[in-house]
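Because the structure is predicted, anything quoted here is derived from the model rather than measured. Here is the naming used below: chain letters follow the sequence lines, and residue numbers restart at 1 for every chain. Worth knowing before you read on, the calculation uses all heavy atoms, side chains too, and leaves out hydrogens, waters and symmetry mates.
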Number of protein chains: 2
Amino acid sequence: MSQQFIHTFLSVDCVVLGFDNEQLNALLVKRDVSVEEAGSLKLPGSLIYDQEDVDDAASRVLFELTGIKKMPLRQFRCFASPNRASRAEDRKWLNQAYQPNINRLITVAYIALCKIDRKHHNISKYSSEWCPLKKIPQMPFDHNEILLASLGEIQKWVEMEPSIIFDLLPQKFTISQLHRLYESIYAKKIDIRNFHKKVAAMPQVVALEEREVGVAHRAARFYKFDKKGYSKLKNNL
Amino acid sequence: MSQQFIHTFLSVDCVVLGFDNEQLNALLVKRDVSVEEAGSLKLPGSLIYDQEDVDDAASRVLFELTGIKKMPLRQFRCFASPNRASRAEDRKWLNQAYQPNINRLITVAYIALCKIDRKHHNISKYSSEWCPLKKIPQMPFDHNEILLASLGEIQKWVEMEPSIIFDLLPQKFTISQLHRLYESIYAKKIDIRNFHKKVAAMPQVVALEEREVGVAHRAARFYKFDKKGYSKLKNNL
DNA sequence: CCAAAAGTGTTAATAGTACACCCATGC
DNA sequence: GCATGGGTGTACTATTAACACTTTTGG
């Protein structure tokens with residue numbers, strides 16, 4: 001009776017998104033062993049420890065693989081198809097990277113938003129790199145599926161908690177950066193005049209005196225996200 | 001090295017909500033062994049099988065414990081605190097119900113919406129019963145926490161996919177039933193006249209000729225949810 | 001002076017909110 | 001005839017969507 005129940009390893013995988021003023025990028029790690037068949041780039045992820053909550057594991061793994069700390073991480077789904085780790089090359093890699101005879105692997109997927117200029121040290125045996133969403137290669141396991149699913153989640157997340165979008169932008173940003181970011185996330189055109197109006201109505205976005213320099217057109221004004229103003233706003237609801 | 005990674009059982013737990021024209025109820029199961037310390041009512045849930053996806057496991061477990069089939073089930077979070085199954089009475093029950101030495105248990109939580117008049121057979125060694133949300137007892141593991149978390153999810157779910165709310169109502173329902181249901185889910189008063197207007201603007205809610213009989217006041221009109229009209233509407237977007 | 005992106009207002013349509021009285025029925 | 005819940009309309013406000021030209025700057 002008892003062996004019919006699953007007894008398994010559990011992993012976390014993180015979809016870390018960054019914005020390069022043009023498009024959304026995902027942070028992928030390069031595996032040191034060459035498993036060409038399934039591609040060597042994958043989502044940052046690893047097995048969780050024995051006495052560890054999954055949420056803690058996600059933070060830890062992200063730090064270990066990319067050097068990134070204190071990222072807002074959001075759990076969004078458990079991927080548990082019985083076949084998700086059954087391709088020969090994936091099993092081979094699991095055996096090399098962890099231990100033999102991992103028969104099945106269930107993963108809990110997370111999303112995180114990251115400033116793309118943030119340094120991601122290459123701490124471990126992995127190196128990490130930003131990859132534009134349009135150029136995502138074939139990845140091992142169901143990582144392509146996980147990434148795809150995460151894109152729907154981020155829209156919902158931003159709608160629920162609009163302030164997180166500023167985690168994708170540098171400290172100082174222009175309205176058009178913010179505009180392009182909104183257009184990327186919602187994957188649609190947003191009228192620029194209505195957008196200015198909308199931003200003007202956000203007390204947490206404050207204009208700075210500083211402007212762009214050295215651009216071959218009218219210099220754009222910089223804005224910053226005012227966390228304090230934002231929490232005040234929230235508390236007054 | 002390898003023993004630091006978790007190697008664990010995995011369960012699913014389902015929060016099944018029903019509406020009795022007054023308030024939301026959760027479907028709980030009664031355990032056959034008496035574990036009084038932690039209460040004998042719990043969320044329907046069980047371990048998943050070796051070759052089973054978690055989503056499939058949720059449907060199966062719900063059927064096995066309550067007799068309910070083909071419920072829209074929505075995964076909403078993985079609960080994995082290292083201590084969630086470490087209370088002595090919970091471990092004792094796990095040992096009795098499944099097998100000895102389950103050291104830790106990670107669960108994937110689901111929400112489902114159910115017509116409360118739907119018969120839930122008492123198929124297994126469990127019997128199931130509806131329990132008003134205001135009278136939920138102390139439950140084992142972190143089931144109280146899971147139930148609480150699910151209530152936030154259902155609001156979001158209904159906003160995203162309003163048609164699911166009709167899964168909580170009988171085939172024929174009155175506007176005030178629907179009204180009370182909205183008020184329960186959003187936990188706030190909704191103006192009845194504006195509500196009538198809102199319902200009138202929903203092409204998928206169609207008025208029937210039939211009315212209530214034998215009530216000590218003006219008889220209310222019945223309405224039904226027109227699935228076809230609804231999908232047509234969605235496809236035209 | 002030209003290319004390139006920044007910045008700026010008005011109007012119309014839609015959705016949401018507030019609010020109070022008469023109607024039908026059983027007892 | 002009275003208690004109980006069913007059903008109805010209007011006016012105000014807020015939000016969203018559509019739409020085009022002038023400004024600044026570097027080259």
Round to the nearest Å and state the distance from [X] atom [atom1] to [N] atom [atom2].
X: A:Phe195; N: D:dC19; atom1: CZ; atom2: C1'; result: 18 Å
X: B:Lys198; N: C:dT14; atom1: NZ; atom2: P; result: 19 Å
X: A:Asn21; N: C:dA4; atom1: CG; atom2: P; result: 19 Å
X: B:Glu159; N: C:dA15; atom1: CD; atom2: P; result: 16 Å
X: A:Arg180; N: C:dA6; atom1: CZ; atom2: C1'; result: 12 Å
X: A:Glu212; N: D:dT23; atom1: CD; atom2: P; result: 20 Å
X: B:Arg221; N: C:dT25; atom1: CZ; atom2: P; result: 13 Å
X: B:Met202; N: C:dG16; atom1: CE; atom2: P; result: 10 Å

Original post:
If you find the nucleotide of DNA chain D closest to B:Phe222 and the one closest to B:Ala216, which residue's nucleotide is nearer the 5' end?
Top reply: B:Ala216
Original post:
In a check of ring-ring contact (aromatic ring centres under 6.0 Å, His included) between B:Phe173 and each of B:Phe166, B:Phe222, B:Tyr182, B:Phe225, which one passes?
Top reply: B:Phe166
Original post:
Which pairs, with at least one residue in residues 184-206 of chain A and sequence neighbours excluded, count as a salt bridge (Lys or Arg N to Asp or Glu O under 4.0 Å)?
Top reply: A:Glu183-A:Lys189
Subject >> Contact list for residues 166-181 of chain B, test salt bridge (Lys or Arg N to Asp or Glu O under 4.0 Å), sequence neighbours left out >> reply: B:Lys172-B:Glu210
Give me, pair by pair, the N or O atoms of the protein and of nucleotides 8-12 of chain D that are less than 3.5 Å apart, along with how far apart they are.
residue, atom, partner, partner atom, Å
D:dT10, O4, B:Lys197, NZ, 3.2

**OP:** Classify the side-chain pair B:Gln204/B:Asp226 by whether it contains a donor and acceptor separated by less than 3.5 Å.
**Re:** no
**OP:** Would you kindly say whether B:Thr107 and B:Ser11 are connected by a side-chain donor-acceptor distance under 3.5 Å?
**Re:** yes
Original post:
Does NZ or CZ of B:Arg77 fall inside the cone over B:Phe79's six-membered ring, less than 6.0 Å from its centre and within 45° of the axis?
Top reply: yes
**OP:** For the residue pair B:Phe195 and B:His179, categorise the inter-ring angle as parallel (less than 30°), tilted (30 to 60°) or perpendicular (more than 60°).
**Re:** tilted
**OP:** Would you tell me if any nitrogen or oxygen in the side chain of A:Ser176 comes within less than 4.0 Å of OP1 or OP2 on C:dA6?
**Re:** yes
Original post:
Among D:dG7, C:dA4, C:dT25, which is the nearest nucleotide to the side chain of A:His217?
Top reply: C:dA4
